[in-house]
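We use all heavy atoms of the structure for the numbers below, so side chains are in, but hydrogens, waters and symmetry mates are not. When a ligand or atom number is given, it counts from 1 through the structure's own listing order.
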Amino acid sequence: METLISDVPVSSPSAHSGVVEKHPKSTQARILLSSVFGPYAQDDEFGSRSINPMELYHNQVTRAQGSFSLRMFHRSWGIMMIQANISAPCTLLDFPTRDDFARQLTSNQYDVVGITGIIVNVAKVREMCRMTRELSPHSVIVVGGHVAAIPGIERLIDADQIVRGEGIAWMRRYLGEDESAPIRHPAIVSGMRTRIMGIRLPERRGATAATIIPSVGCPMGCNFCTTSAFFGGKGKFVNFFETGDELFAVMSRMEDELKVHSFFVMDENFLLHRERAMRLLELMKEANKSWSLSVFASANAIRKYTMQELVELGVSWLWMGLESPRAGYSKLQGSDTRELTRELREHGIRVQGSTIIGLEHHTPDNIVSEIEHAVSHDTDFHQFMLYTPVPGTPLYQQMRNEGRLLPDIDYADVHGQFKFNFKHAAISREDSKRFLDWAFWRDFELNGPSLYRVARTLMAGWKRYKDSKDPRVRRRFADEMGRLSGVYSSALWAMEKQFRKVDRRVSDDIRALRQEFKQESGILARMLPALLGPVLLWTTRREERRLARGKTYEPPTILERSNWVEA
Ligand code: B12
Ligand code: SF4
């Protein structure tokens with residue numbers, strides 16, 4: 001069943017989004033929270049698309065990099081946050097199959113079934129509501145997450161409550177709990193089942209960063225941005241942890257519980273809140289913490305800091321929008337993002353650039369040079385996305401008013417990695433895909449595998465800071481070099497060989513970097529490539545063959561219970 005923008009009601013609507021009554025059982029209510037069902041990386045009638053797998057990098061960043069693509073999965077953090085902040089008995093089901101979901105419904109008496117999804121998932125949400133009505137008719141169905149931004153969603157799915165915006169406060173209110181109580185952050189390992197060059201990386205305790213979610217939303221309010229729009233738009237956002245002190249306390253707890261020193265900070269514009277970040281730095285210094293932070297930030301926010309401050313704060317990975325300088329977004333004003341990228345990388349900070357294809361001023365004549373400009377940033381990673389009016393955003397409203405939304409586009413295809421869902425002034429729907437695909441390919445061809453690029457940035461940081469006067473900074477780079485130099489050298493050995501048939505120049509550059517690693521590494525790391533290099537070359541080639549045969553990857557199903565008592 002396709003879910004088209006012009007869809008008609010599926011059933012008599014029972015959802016209401018006005019005043020919410022408390023659930024009669026309050027905190028005794030038994031709750032099921034579930035993400036939408038898989039498998040995801042295939043084309044099916046529920047809106048799964050092979051081009052839209054449940055993988056961050058392979059979906060929208062390294063998808064053209066073949067066996068060098070970074071493959072990993074991320075849990076559904078929204079429902080994890082809700083589960084950690086209610087005292088009712090709760091089951092969380094992540095990445096179920098339809099059978100898993102059905103089994104949960106029939107083998108437990110759930111009073112509330114909460115389903116999370118984004119807009120592309122609407123057909124799955126609809127099916128899960130249908131299944132719940134059939135298999136657990138007494139359950140109250142609550143739907144939350146970005147899917148709730150679809151206009152008229154009440155008529156597309158059969159849910160009792162549709163929650164727009166922040167869900168922790170909503171669920172606490174619904175269960176009669178104190179909605180202003182401090183937020184308890186769950187222990188989240190940021191990624192899982194990581195795979196590159198045909199091997200799955202071992203999941204050692206402490207080896208993967210912890211995810212920290214300081215806030216949701218973004219006050220910048222760019223017209224196309226759904227994250228911003230969903231939590232109130234320009235000037236609005238919801239802070240879970242207001243101060244540097246609160247953030248430091250959460251991070252210290254995660255360090256203890258998960259034995260981590262690195263954090264993926266899931267905040268759309270972390271560096272914008274300078275006071276909080278600088279207080280965090282102060283506390284890190286006092287407690288002698290040598291943490292590393294992966295953050296999202298706009299170029300303007302980054303410019304509020306000196307390189308020294310960023311390095312001391314442990315910023316080691318930055319996701320930054322590089323939208324065309326001609327687009328006029330205020331987050332970029334006055335910044336030369338190419339110069340900024342170069343500088344950040346020289347200080348050992350990996351940059352993930354993000355470029356939008358199909359902005360209003362793009363034409364078939366200028367788009368190639370705009371993509372070349374983006375690619376010339378030579379970022380470690382590069383995300384490309386189509387300019388996409390998504391329900392709930394100012395851009396969507398504008399396109400709708402101008403009559404430019406294309407009719408009969410399935411919501412499952414409105415994800416920015418396929419084709420335009422609107423009429424562009426100069427670029428056709430078919431060409432939008434061609435330019436997008438070319439951007440990914442061009443970045444790979446010109447700059448080589450992202451794994452090579454991150455190794456190069458680490459080397460630059462190491463050379464600059466290995467003798468730093470600040471012991472925390474010195475320790476951070478030494479730790480990373482100690483852990484990774486042998487592995488990187490081996491991977492570089494294999495990449496050099498494998499990339500020779502793609503581009504000789506890049507292969508030579510990889511070789512030069514490998515020599516640098518050889519010079520800078522200890523004796524063991526220097527010997528490793530002779531053993532591990534050929535193994536990686538073999539697994540890389542095996543993976544290329546698997547991918548050519550259509551191999552895809554799916555996240556595992558996870559079930560977690562809290563405050564649980566058998567019924
Ligand atoms: C992690 C992430 C992913 C992970 C998904 C992991 C997973 N398990 O689903 C990966 C990388 C795989 C991914 C993929 C995609 N993503 Co994504 N992703 C994110 C990201 C960066 C963080 C989500 C998050 O955890 N936020 C923090 C939590 C706390 O917020 P939250 O999820 O919104 O939850 C809160 C509320 O929404 C609400 N809530 C949520 N669920 C529920 C349920 C109930 C019952 C209730 C009451 C409330 C509630 O309460 C929560 C707490 O306040 C967001 C951007 C962002 N900053 O949010 C984009 C985002 C969600 N993704 C988006 C998109 C478009 C995609 C892709 C389609 C893009 C693409 N082409 O790659 C694919 C789709 C994959 C698929 N097949 O479904 C869009 C959604 C747009 C929309 N309006 O639908 C976002 C908003 C990014 C953006 N601005 O474009 N994504
Ligand atoms: S700065 Fe980024 S997160 Fe913030 S509104 Fe703009 S696009 Fe969205």
Suppose we call two aromatic rings close when their centres sit under 6.0 Å apart. Are [X] and [Y] close by that rule?
X      : Y      : value
Phe241 : His273 : no
Tyr57  : Phe381 : yes
Phe422 : Tyr396 : no

Counting heavy atoms only, which of [options] is nearest [atom]?
atom                    : options                       : answer
atom 39 (N) of ligand 1 : Pro391, Ala148, Ser48, Gly145 : Gly145
atom 65 (C) of ligand 1 : Asn85, Asp413, Ile118         : Ile118
atom 52 (C) of ligand 1 : Met81, Glu166, His146         : Glu166
atom 38 (C) of ligand 1 : Ser34, Gly78, Gly165          : Gly165
atom 45 (C) of ligand 1 : Val142, Val163, Leu386        : Val142

### Message
Any N/O/S atom, side chain or main chain, of Cys222 closer to atom 6 (Fe) of ligand 2 than 2.8 Å?
### Response
yes

Will you find, in the side chains of [X] and [Y], an N or O donor that is under 3.5 Å from an N or O acceptor?
X      : Y      : answer
Asp178 : Ser180 : yes
Ser87  : Asn563 : no
Gln104 : Asp100 : no

### Query
According to the salt bridge (Lys or Arg N to Asp or Glu O under 4.0 Å) rule, which pairs have a member within residues 386-396, sequence neighbours left out?
none

### Query
Should Gly221 be listed as contacting ligand 2, given a heavy-atom distance under 4.0 Å as the test?
yes

### Task
Test Gln60 against Gln417 for side-chain hydrogen bond (donor to acceptor under 3.5 Å, both in side chains), laying out the working first.
CA-CA 7 Å; Gln60 46 193 296; Gln417 290 298 328; 5.2 Å; no

### Summary
The side-chain contact (heavy atoms from CB on, under 4.5 Å) partners of Gln109 (sequence neighbours excluded) come to His138

At a 4.0 Å cut-off, with the gap strictly under it, does some heavy atom of [X] reach an atom of ligand 1?
X      : value
Phe95  : yes
Val147 : no
Gly392 : no
Met385 : yes
Phe230 : yes

## Note on the structure
protein heavy-atom neighbour closest to atom 5 (C) of ligand 1 works out as Met54 SD, 4.0 Å

### Query
In terms of residue, atom name and distance, what is the protein heavy atom nearest to atom 87 (C) of ligand 1?
Thr227 OG1, 4.0 Å

### Query
Which atoms from ligand 2 have a heavy atom of Cys225 less than 4.0 Å away?
3 (S), 5 (S), 7 (S), 8 (Fe)

#### Entry: Region of Ser298 that comes within reach of ligand 2 [heavy atoms, distance under 4.0 Å]
neither

So is [X] polar-close to ligand 1, meaning N/O to N/O under 3.5 Å?
X      : value
Phe231 : no
Met171 : no
Asn121 : yes
Trp170 : no

### Query
Which heavy atom in His74 sits nearest to a heavy atom in Phe95, and how many Å separate them?
O-CZ, 3.2 Å

### Task
Assess Arg350 against Trp319: is NZ or CZ under 6.0 Å from the centre of the six-membered ring, and within 45 degrees of the ring's axis?
no

